[in-house]
Amino acid sequence: MTASVKTAVLPIAGVGTRFLPATKSVPKEMLPIVDKPLVQYAVDEAIAAGITDFVFVVGDHNREILESYFGAVPALEKILEDRGKTKELEAVHGTYKSITSINFVKQDKPLGLGHAVWCAREFISDNHFAVMLPDDLVKGTPGCLSEMVEVFNKFGGNVVAVEDILREHTNKYGILDVLDDDGQIATAKGLVEKPNPDDAPSTLSVIGRYILSPEVLKHLELGQKGAGGEIQLTDAIAATIGKVDFRGFRFSGKRFDCGSKAGFVAANVAFALDHGDIAKGIHGTLKSLI
Ligand code: UTP
């Protein structure tokens with residue numbers, strides 16, 4: 001696939017309060033789903049979609065761990081080589097070998113997702129870029145971002161991944177104000193962050209996958225605060241509507257909200273049941289527990 005979107009921004013400067021005390025020393029995005037940290041799933045999904053350049057927006061609490069995870073580990077690699085552990089060596093190499101560029105930028109204060117994306121501006125060219133939140137884990141083939149790149153290649157504009165939710169949950173998400181909906185792609189005339197169920201313009205919610213025009217950065221530059229006193233990415237996207245087409249795409253995979261404990265555990269179960277080595281054992285254990 002010739003990808004038109006080459007750069008992905010992964011804002012991971014949040015502190016992960018819902019996973020304390022684990023996140024005292026292990027950043028949320030390093031928590032494993034079976035045998036891979038959350039962040040690696042996002043990177044693998046991005047590489048499959050043709051992304052070559054990564055920008056991680058990090059905080060003081062996780063910068064070092066993330067940098068070392070995506071770097072070479074000669075001592076470990078030597079041990080694996082000496083022991084003839086080819087598969088394990090591949091797993092280690094897989095963390096960094098297919099990435100063209102990888103940059104880390106610091107978000108000094110967690111002022112919101114919009115602010116985190118704005119912190120990556122020096123690495124975003126005049127082209128559209130992807131934003132991925134690794135704690136939204138999407139299981140499925142093709143990957144969510146690959147599907148979105150296809151939609152983007154056809155229509156251009158801003159594309160976000162969306163899913164239908166219950167009306168009572170609209171106050172947790174960015175919600176589309178839909179103009180036209182063919183069942184898979186919804187063209188939107190507006191986007192509202194965390195509306196009360198009574199005021200929500202639809203029940204179509206944005207998940208943590210975006211393909212965005214650099215135009216969005218111009219609005220983030222203004223530093224305007226929105227819902228919860230944070231600089232919201234959704235507000236900046238909404239501000240470009242009219243100049244930049246805006247579409248929500250219903251992806252085919254299953255999304256797990258791994259920022260919540262229930263979603264994280266569910267993802268572990270789902271991936272384990274699909275994991276060659278352990279699926280059978282897990283199936284039996286789950287059956288006996290339920
Ligand atoms: P969350 O709302 O899940 O916040 O952020 P959090 O700090 O990660 O977790 P909790 O709620 O305290 O448990 C959603 C995504 O946006 C990033 C987070 O790292 C996460 O990937 N984010 C959020 C930033 O990078 N900077 C911010 O200022 C806010």
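Order of listing sets the numbers, starting from 1, for every ligand and every atom in it.
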[X] versus [Y], closest heavy-atom pair with distance:
X	Y	value
V178	L204	CG2-CD2, 4.1 Å
S252	E147	OG-OE2, 2.5 Å
L191	T234	CD2-O, 3.5 Å

Using a plain distance cutoff, I'd like to know if [X] has any nitrogen or oxygen under 3.5 Å from a nitrogen or oxygen of ligand 1.
X	result
T17	yes
G16	yes
V57	no
G259	no
E29	no
V15	yes
P134	no

Around [atom], find the nearest protein heavy atom and jot down its residue, atom name and distance.
atom	answer
atom 8 (O) of ligand 1	K28 NZ, 2.7 Å
atom 25 (O) of ligand 1	A13 N, 2.8 Å
atom 28 (O) of ligand 1	G112 N, 2.8 Å
atom 14 (C) of ligand 1	D135 OD2, 4.1 Å
atom 26 (N) of ligand 1	Q107 OE1, 2.7 Å
atom 16 (O) of ligand 1	L113 CD1, 3.7 Å
atom 1 (P) of ligand 1	R18 NH2, 4.1 Å
atom 22 (N) of ligand 1	G14 N, 3.9 Å

Could you list which atoms of ligand 1 come closer than 4.0 Å to a heavy atom of [X]?
X	result
P110	28 (O)
A116	24 (C), 25 (O), 26 (N)
L111	28 (O)

Discussion item. Can you tell me how far apart CG (L89) and CD (E77) are? Round to the nearest 0.5 Å.
Written reply: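 Reported to 0.5 Å precision, the distance equals 6.0 Å.
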
Worksheet entry | K36 to Y41, cation-pi by 6.0 Å centre distance and 45° axis angle |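 Here K36 passes the 6.0 Å and 45° test against Y41.
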
Worksheet item: F129 and F123: aromatic ring centres closer than 6.0 Å?
Response: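 Not close enough - the centres of the two rings lie 6.0 Å or further apart.
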
Practice prompt. Please check if the distance between the ring centroids of F56 and F70 is under 6.0 Å.
Written response: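 Ring centres of F70 and F56 closer than 6.0 Å.
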
Discussion item. Between D199 and V192, does the side chain to side chain contact (heavy atoms under 4.5 Å, CB included) criterion hold? Intermediate values first, please.
Written reply: CA-CA 10 Å; D199 308 325; V192 193; over 6 Å; no

Fill in: Distance flag for atom 5 (O) of ligand 1, protein heavy atom under 4.0 Å
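Within 4.0 Å: no protein heavy atom nearby.
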
Fill in: E122/V105 under side chain to side chain contact (heavy atoms under 4.5 Å, CB included): CA gap, chis, key distance, verdict
CA-CA 9 Å; E122 67 176 293; V105 291; 4.3 Å; yes

Worksheet item: So, the side chain of N62 versus the backbone of I12: is there a donor-acceptor pair under 3.5 Å, distance only?
Response: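 Flag set: sc N62 to bb I12 pair under 3.5 Å.
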
Worksheet item: Ion pair present between K78 and E81, side-chain N to carboxylate O less than 4.0 angstrom?
Response: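 Result for this pair is no, no salt bridge flagged.
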
Worksheet item: Any salt bridge between R209 and D136, counting N to O under 4.0 Å?
Response: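 Salt bridge absent between R209 and D136.
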
Discussion item. Within the structure, is a non-hydrogen atom of H115 found at a distance of less than 4.0 Å from ligand 1?
Written reply: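 Heavy atoms of H115 never come under 4.0 Å of ligand 1.
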
